[in-house]
Amino acid sequence: MRPPALCRRPVTIVGGCVPEREPPAWMWLKERLSRLRQPALPVPIADEALPAVVKTAVVTDSAAALPADWVAAFAADGRLAVVPMPVMVGSEIYGEGEDDITETLAVALASGASVKTSRPSPGQFEQAYRAAQNRGFEAVVSIHISSELSGTADAARLAAARVGIPVEVLDSRTVGMAQGMGVQSAVVAAAAGLPADEVRAFAEKRMERTKVYFYVPSLEQLRRGGRIGAAASLLGTVLAIKPILAVDGGRIVPLEKVRSAVRAIARLEEIVAADVASRPAGQQRLAVHHFGNQLEAEALAARLREKCPDCPPAQISALPAVLAAHAGLGVLAVIVGESSTPT
């Protein structure tokens, strides 16, 4: 089948251009996304021809918390690769996405066992970049967890210098589906045929517009991992303060201090609803993360649906192990972002 061509009538956006009306490449992308909602795929996605306009592959790490079906759909033809981040439980090392570590991690967190995380090796990124090169991609945009929380972006930069195609390494300055929404935006922009620098610029712009708000029952895991100061952790333990936290400038920061868990979650909902209301109508997106408390997350998402009737239902997913290792059991995180589609 002949690959689709781009529309000839562009409009300027984020330092580049996107089609004024939907070209065949966008229609192809929409069709693929729509299949994720179907119970079965009659033809494997990997068997379809890749549109000729797609010249840029996207690489990320498992901290992006991308839905498994989304990854499967776009990793099949090489346009997306997710490098697993290692999690160490005791003396055992697990690879996010490679091993089923959810139950093991939950038990370790509940028992107070040693849990640590690390960055992927430069060799893992080099392998992903070379795979993209071998598939015929001309460039890679590599989007990673905040450098304030991990050295992952540094490992990616080391690998980028070793391969024969240009690699744009982007520090997301965020985590979870806030990072994931940037990755999705990059995949969508690449599908429109934008060059790597404009794919990066669009993803960066989207992540700058994305916020992370979360609540944890205990600050102990964040303290152990060095993600929050000992003084803040002591305050939460001794005075029973339940802080609402946020990611700002790539760091985890206290946003508000509340006296009880019930009030903290109620206040979290208010903050999210106000953020959603401040964004362009029809562009808002929500995601809810949890770990060990799925029913709580579902109830939170239902209440947010009532408070934000003009926003699509929140995507609900477990926090990736590499993030849950620091947030601990019972975390509730809400990501507020905007559509991945350039308009």
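Computed from a predicted model, the values in this text were never measured in an experiment.
The minimum heavy-atom distance linking R135 with A76 is given by the pair NH2-O, 3.7 Å. Shown here for A273 and C308, the closest heavy-atom pair between the two residues is CA-SG, 3.8 Å. The shortest non-hydrogen separation linking M181 to A287 is CE-CB, 4.2 Å.
Within the structure, salt bridge (Lys or Arg N to Asp or Glu O under 4.0 Å) pairs that include any residue of residues 168-195 comprise E148-R173, E168-R200, D171-R173 (at least two apart or interchain). Within the structure, the salt bridge (Lys or Arg N to Asp or Glu O under 4.0 Å) test picks out no pair touching residues 314-323 (sequence neighbours left out). Within the structure, salt bridge (Lys or Arg N to Asp or Glu O under 4.0 Å) contacts touching residues 207-219 (residues at least two apart or in different chains) are R209-E338. Screening residues 251-270 for ring pair (Phe, Tyr, Trp, His ring centres under 6.0 Å) gives no qualifying pairs among residues at least two apart or on separate chains. Among pairs with a residue in residues 305-315, those fulfilling side-chain hydrogen bond (donor to acceptor under 3.5 Å, both in side chains) read E269-K307, at least two apart in sequence or across chains.
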Next on the checklist: Could you walk me through whether F291 and L329 satisfy the side-chain contact (heavy atoms from CB on, under 4.5 Å) test, starting with their C-alpha distance in whole Å, then the side-chain angles of each, then the deciding distance to 0.1 Å, before giving a yes or no?
Outcome noted: CA-CA 6 Å; F291 194 75; L329 290 167; 3.7 Å; yes

Item to check | side-chain contact (heavy atoms from CB on, under 4.5 Å) between R279 and C311, worked out | outcome: CA-CA 10 Å; R279 295 173 184 266; C311 183; over 6 Å; no

Checklist entry - Stepwise, does the side-chain contact (heavy atoms from CB on, under 4.5 Å) test hold for R79 with V187? => result CA-CA 7 Å; R79 69 175 55 217; V187 171; 4.1 Å; yes

Item to check | From CA spacing to verdict: side-chain contact (heavy atoms from CB on, under 4.5 Å), V175, I252 | outcome: CA-CA 10 Å; V175 294; I252 295 173; over 6 Å; no

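Between the side chain of S146 and the backbone N or O of G250 there is at least one donor-acceptor pair closer than 3.5 Å. A donor-acceptor distance shorter than 3.5 angstrom exists from the side chain of T60 to the backbone of I143, with no hydrogens or angles considered. Checked by atom type and distance alone, the side chain of R285 never pairs as donor or acceptor with a backbone atom of P312 at under 3.5 Å. Of the possible donor and acceptor atoms, none in the side chain of N134 sits under 3.5 Å from a partner among the backbone N and O of A132. A side-chain donor-acceptor contact under 3.5 Å links S111 to the backbone of A108. When atom types are taken as modelled, the side chain of K242 and the backbone of P217 share a donor-acceptor pair closer than 3.5 angstrom. Using a distance-only test at 3.5 Å, with no hydrogens or angles considered, no donor-acceptor pair links the side chain of E103 to the main chain of I101.
Atom-to-atom distance recorded for L286:CG and I316:CD1 is 10.5 Å, nearest 0.5 angstrom. Atoms OG and CE, on S185 and M207 in that order, are 8.0 Å from each other to the nearest 0.5 Å. Atom OG1 of T174 sits about 14.0 Å away from atom CZ of R251, to the nearest 0.5 Å. Between atom CG of residue L149 and atom OG of residue S172 there is a gap of 8.5 Å, rounded to the nearest 0.5 Å. In this structure, Q179 CD and M177 CE are separated by 10.0 Å, a value rounded to the nearest 0.5 Å. The distance from the CG atom of L255 to the OH atom of Y213 is 7.0 Å, given to the nearest 0.5 Å.
Under the salt bridge (charged side-chain N to carboxylate O under 4.0 Å, His left out) criterion, E270 pairs with R267, sequence neighbours left out. For H290, the side-chain hydrogen bond (donor to acceptor under 3.5 Å, both in side chains) criterion is met by no residue, not counting sequence neighbours. By the side-chain hydrogen bond (donor to acceptor under 3.5 Å, both in side chains) test, Q294 pairs with E298, sequence neighbours left out. Shown here are the side-chain hydrogen bond (donor to acceptor under 3.5 Å, both in side chains) partners of T56, two or more places apart in sequence or in another chain: there are none. Residues passing the side-chain hydrogen bond (donor to acceptor under 3.5 Å, both in side chains) test with K116, sequence neighbours excluded: none. Taking Q127 as the reference, nothing meets the side chain to side chain contact (heavy atoms under 4.5 Å, CB included) condition, with sequence neighbours excluded.
Between the side chains of H289 and S317, a donor-acceptor pair is found at a separation under 3.5 Å.
When side chains are defined from C-beta on, R119 counts as touching D154, because their heavy atoms get closer than 4.5 Å. Side-chain contact between F214 and I335 is absent, with no heavy-atom pair separated by less than 4.5 Å.
Hydrophobic clustering of Ile, Leu, Val, Met, Phe, Trp and Tyr side chains at less than 4.5 Å, counting indirect connections, keeps L170 apart from L158.
Within a 6.0 Å radius of CZ in R263, no more than 12 heavy atoms belonging to other residues, nucleotides or ligands are found.
Hydrophobic clustering, defined by side-chain heavy atoms of Ile, Leu, Val, Met, Phe, Trp and Tyr closer than 4.5 Å, groups V167 together with V59, V83, F125, Y129, V140, V163, I165, V169.
The side chain to side chain contact (heavy atoms under 4.5 Å, CB included) test with I244 is passed by exactly one of I265, I271, V216, L332: I271.
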